[in-house]
There are 2 protein chains.
Amino acid sequence: MADPLSRVFSALADPTRRDIVARLAVADATVNELAAPYDVTVQAVSKHLRVLEDAGLVSRSREAQRRPVHLEAEVFDLMTKWIERYRRQAEERYRRLDDVLRSMPDADPPPPEENPR
Amino acid sequence: MADPLSRVFSALADPTRRDIVARLAVADATVNELAAPYDVTVQAVSKHLRVLEDAGLVSRSREAQRRPVHLEAEVFDLMTKWIERYRRQAEERYRRLDDVLRSMPDADPPPPEENPR
DNA sequence: CTCGTGGTCAACCCATCGGTTGAACAAAGT
DNA sequence: ACTTTGTTCAACCGATGGGTTGACCACGAG
């Protein structure tokens, strides 16, 4: 699975990984610190970090024997760009459909915003 | 994997699925139409649509024996909200770090931005 | 009623994923 | 030099994911 977008999306498809990102947004942390709250082994968390790193979401520097993990914000843009593009397109299409319905000879009463949100 | 956010992210972690979304942003389509461009079976595409549907990205209506697929834009917000939150936080943190560095009395030569990006 | 057509369900295959344990490596501290 | 602390590597395990084939169901056309 080479492509960057897939890597980012699937990296964030895991709750633990998202939580790690959330915590890294507050402050850098080491693997052990990150692993503490979860009841999985440190190795498991290390693997998670590897995934995040491969996705470009995170970087590890070296500082003594510690390896502080740092959140890399830029990659987010990749996603937001993709998402926004198709969201806009879909909404645009929705708006146009709306216009069409509105401009329709009132043959078929348009279901009056059936949307019980 | 119950939580909605995970479902959306992992739904979009697949290139084929993203492509389907991209095409549905232009116009609704049936399963067969959607399957045409790819060299996989219709069943495979049907499965993809199921995943997208479970993620709330897509809805299938019934129209004669056809089942047109429609892109649902709202779910995107879930993602963008999540992403934007942590991106802002990370950028904020970066900005603050910058300030700190700038306001530092040049006592201890701060490891001069050891960050060979 | 029967026959295409559009779509799904079911069972299976193999690769990947999240997790484990156990060993190894790297850099202090003693 | 030996030990401790932090981290990763390797091998394995069960579950899930994307794909297949083959049967099945729903519908409209003849």
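Convention: sequence-line order gives letters A, B, ...; per-chain numbering from 1. Worth knowing before you read on, the calculation uses all heavy atoms, side chains too, and leaves out hydrogens, waters and symmetry mates.
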Could you tell me how far apart [X] ([atom1]) and [N] ([atom2]) are, to the nearest whole angstrom?
X: A:H48; N: C:dC17; atom1: NE2; atom2: P; result: 12 Å
X: B:D54; N: C:dT8; atom1: CG; atom2: P; result: 12 Å
X: B:R60; N: C:dT8; atom1: CZ; atom2: C1'; result: 8 Å
X: B:D14; N: C:dC17; atom1: CG; atom2: P; result: 12 Å
X: A:L49; N: C:dC17; atom1: CG; atom2: C1'; result: 16 Å
X: A:R66; N: C:dA28; atom1: CZ; atom2: P; result: 10 Å
X: A:R67; N: C:dA27; atom1: CZ; atom2: P; result: 10 Å
X: A:L52; N: C:dG18; atom1: CG; atom2: P; result: 10 Å

- On DNA chain C, nearest-nucleotide positions of A:R62 versus A:A44: which is more 5'? A:A44
Determine yes or no for a side-chain-to-main-chain donor-acceptor pair under 3.5 angstrom, with [X] supplying the side chain and [Y] the backbone.
X: A:R18; Y: A:L12; answer: yes
X: A:S46; Y: A:V42; answer: no
X: A:E91; Y: A:R88; answer: no
X: B:R17; Y: B:S10; answer: yes

- Message: Under 4.0 Å, heavy atoms only, any strand: does B:S10 hit a base, just the sugar-phosphate, or nothing?
- Response: nothing
- Along DNA chain D, 5' to 3', what are the outermost nucleotides having an atom less than 4.0 Å from a heavy atom of chain A? D:dG6 to D:dA11
- Side chains of A:S6 and A:D3: is there a donor and an acceptor less than 3.5 Å apart? yes
- Mind checking side-chain hydrogen bond (donor to acceptor under 3.5 Å, both in side chains) for A:Q65 and listing every partner two or more places apart, or none if nothing turns up?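 In terms of side-chain hydrogen bond (donor to acceptor under 3.5 Å, both in side chains), with neighbours along the sequence ignored, A:Q65 is linked to no residue.
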- Give the angle between the helix axes at the two ends of the helix from C:dC1-D:dG30 to C:dT30-D:dA1, taking five base pairs at each end and rounding to 10°.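 The end-segment axes of the helix from C:dC1-D:dG30 to C:dT30-D:dA1 are tilted 10° relative to each other.
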